[in-house]
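Data first, discussion second: the structure below is written as structure tokens.
As the structure lists them, so they are numbered: ligands from 1, and atoms in each ligand from 1.
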Amino acid sequence: MPLAAYRKKRSFAKTPEPRGSVSKRAKTRRPLVFVVQKHAAAHLHYDLRLELGGALKSWAVPKGPSMNPAHKRLAVAVEDHPLAYARFAGRIPKGQYGAGIVAIWDRGGCRAPGARSRAESERMIRRGLRAGTCSFILSGKKLKGGFALVRLPSRSERAWLLIKERDGYAKKTKRV
Ligand code: MN
């Protein structure tokens with residue numbers, strides 16, 4: 001049950017976050033979605049989520065994504081979130097897991113480089129995540145073009161780096 005960890009941490013009588021469910025294998029042709037939420041919790045961070053297998057694979061990115069390929073941003077894998085979370089913004093009440101304000105910072109489509117279909121994107125992204133090196137192309141308002149997630153060796157399985165790939169969208173700015 002991919003959402004068991006997500007649900008166990010939350011009391012849905014108290015938090016406005018969606019309980020959600022794992023979506024059935026989508027017959028839709030719409031692109032996979034990604035979202036980055038700015039989460040002002042005890043420590044401000046950003047949450048990157050990529051649609052995969054009817055749920056959202058999720059990473060907490062303390063410094064947030066960057067469009068500068070020189071910035072390697074730590075991304076800590078966290079529990080899968082329901083697809084409905086891609087539209088969630090609001091206040092998680094005090095005392096609840098992740099208490100604080102969640103805002104949608106960016107959102108758009110996600111695909112694997114060279115993939116000819118949504119299903120092929122999912123297969124390639126899944127394979128990349130399993131292998132510890134995963135490339136994907138985002139089409140958001142702030143985040144555009146190629147990115148990679150690279151798992152850090154010799155650290156916890158959960159530690160990854162999020163890196164902008166060098167392409168026409170890359171910038172040399174300090175911040176996005
Ligand atoms: Mn968070």
Which N/O/S atom belongs to His45 and is the closest one to the Mn ion (ligand 1)?
-> NE2
Taking the six-membered ring for Trp, are Tyr85 and Phe88 parallel (under 30°), tilted (30 to 60°) or perpendicular (over 60°)?
-> tilted
Is the Lys NZ or Arg CZ of Lys164 less than 6.0 Å from the centre of Phe147's six-membered ring, within 45° of the axis?
-> yes
Within a reach of under 6.0 Å around NZ of Lys144, are more than 12 heavy atoms found that belong to other residues, nucleotides or ligands?
-> yes
Closest N/O/S atom of Asp47 to the Mn ion (ligand 1), by atom name?
-> OD2
Atom nearest to the Mn ion (ligand 1) - His39, N, O or S atoms considered | ND1
Would you indicate whether Lys9, at its atom NZ, is surrounded by more than 12 heavy atoms from other residues, nucleotides or ligands within a distance under 6.0 Å?
-> yes
